[in-house]
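Working notes, beginning with the structure itself.
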Amino acid sequence: MAATRCPHLRAATDLETIEVDRSQILADEVPLSKFPTVEHCDDFGPYGTRLRKWRVVGRQDDGQCGSDRSVLGVAAPDDVELEREDGHVPGLSRPRSDGMPVPWTTFMLDVEDVWWRTMDTPRLLRCQAEWLCQVCGLDLPPTAWVVVDPEGEILSGAALHRDCLTIAHRWCPELNRSACEPVEIDRHRIVADGLPLESFAARNGGGAFGAYGDIVRRWTLATTER
């Protein structure tokens, strides 16, 4: 499916599709098989929340290790996202599965295979690093909304537009059953892994995700306004 739908894959002449198992994949030079699979789809387990560079240690027909191959990975956030036939691109016109709109940060293979409790990690990282809405994937205004639990942790680790918050409350049963409350804030009131979010400039240099880095960070509400 990917080879037929993705223009990059169709146009590439130096890429190869190979069948591998977990023992042949290195994630930041650590064998992927070293990270046990998790029981719950919303738990990253020992693998952690950091995006890792994958490469394949190929095998020749005689069973010996062959040449290493890089794995085609996630594009930089500044790249223009390709139009997809399933409609899972930024915008308020969300694709629907079983009649429900699919948030931009929800992982899905297609509209018939949506993993409702699993976050699309690269997209969540973009929301955090670039101040994007977790529901529609578009730029947020200086003041946006977050949903905060009684301990001050921001649910899903990203903010929303007011209209997108309304959509989330309408369709998300967990959100409606929780003791969380919506709070209107700006970047100054968010703490990311203990550091003020405002200390990470949006869309800056220093790598694909700027100074924010390639780690999905735990967002909490600052105890006092700055």
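Keep in mind that this is a model prediction, so the values were computed, not measured. Numbers for residues simply follow the sequence, beginning at 1.
Screening Leu138, Asp139, Leu132 against Pro90 for a side chain to side chain contact (heavy atoms under 4.5 Å, CB included) leaves a single residue, Leu138.
Put simply, the side chain of Pro103 does not reach to within 4.5 Å of the side chain of Gln134, judged on heavy atoms. Taking the side chain as every heavy atom from C-beta outward, Ser156 and Thr105 never approach each other to under 4.5 Å. Side chains of Ser97 and Met108 form no contact here, defined as non-hydrogen atoms less than 4.5 Å apart. Looking at Arg189 and Val146, their side chains never come closer than 4.5 Å, going by heavy atoms from C-beta outward.
Rounding to the nearest 0.5 angstrom, the gap separating the CG atom in Leu26 from the CZ atom in Arg55 is 5.0 Å. Atom OH in Tyr212 sits 3.0 Å away from atom CD in Gln128 (nearest 0.5 Å). Between atom CD1 of residue Ile190 and atom CD1 of residue Ile154 there is a gap of 4.5 Å, rounded to the nearest 0.5 Å. Taken from OG1 in Thr143 to CZ in Arg162, the straight-line distance is 11.5 Å, to the nearest 0.5 Å. Taken to the nearest 0.5 Å, the CG atom of Leu160 stands 7.5 Å off from the CG atom of Leu140. Interatomic distance, CH2 of Trp219 versus CG of Leu124, reported as 8.5 Å (0.5 Å rounding).
Residue Trp104 comes nearest to Cys133 through the heavy atom pair CE3-O, 4.2 Å, listed as atom of the first residue, atom of the second, then distance. A pairwise comparison of heavy atoms in Thr106 and Trp115 identifies CG2-O, 3.5 Å as the closest pair. Annotation for Val135 and Arg94: closest pair O-NE, 3.4 Å, computed over non-hydrogen atoms. In terms of heavy atoms, Pro141 sits closest to Trp131 at O-NE1, 2.9 Å. Between Phe200 and Ala192 the shortest heavy-atom distance is CE1-CB, 4.4 Å.
Take Arg218 and apply the salt bridge (Lys or Arg N to Asp or Glu O under 4.0 Å) test, not counting sequence neighbours, and it matches Glu153. Ile167 meets the side chain to side chain contact (heavy atoms under 4.5 Å, CB included) test with Leu92, Pro101, Trp171; sequence neighbours excluded.
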Chi angles and distances behind the side-chain contact (heavy atoms from CB on, under 4.5 Å) call for Val147, Leu165
CA-CA 9 Å; Val147 180; Leu165 176 64; 3.7 Å; yes
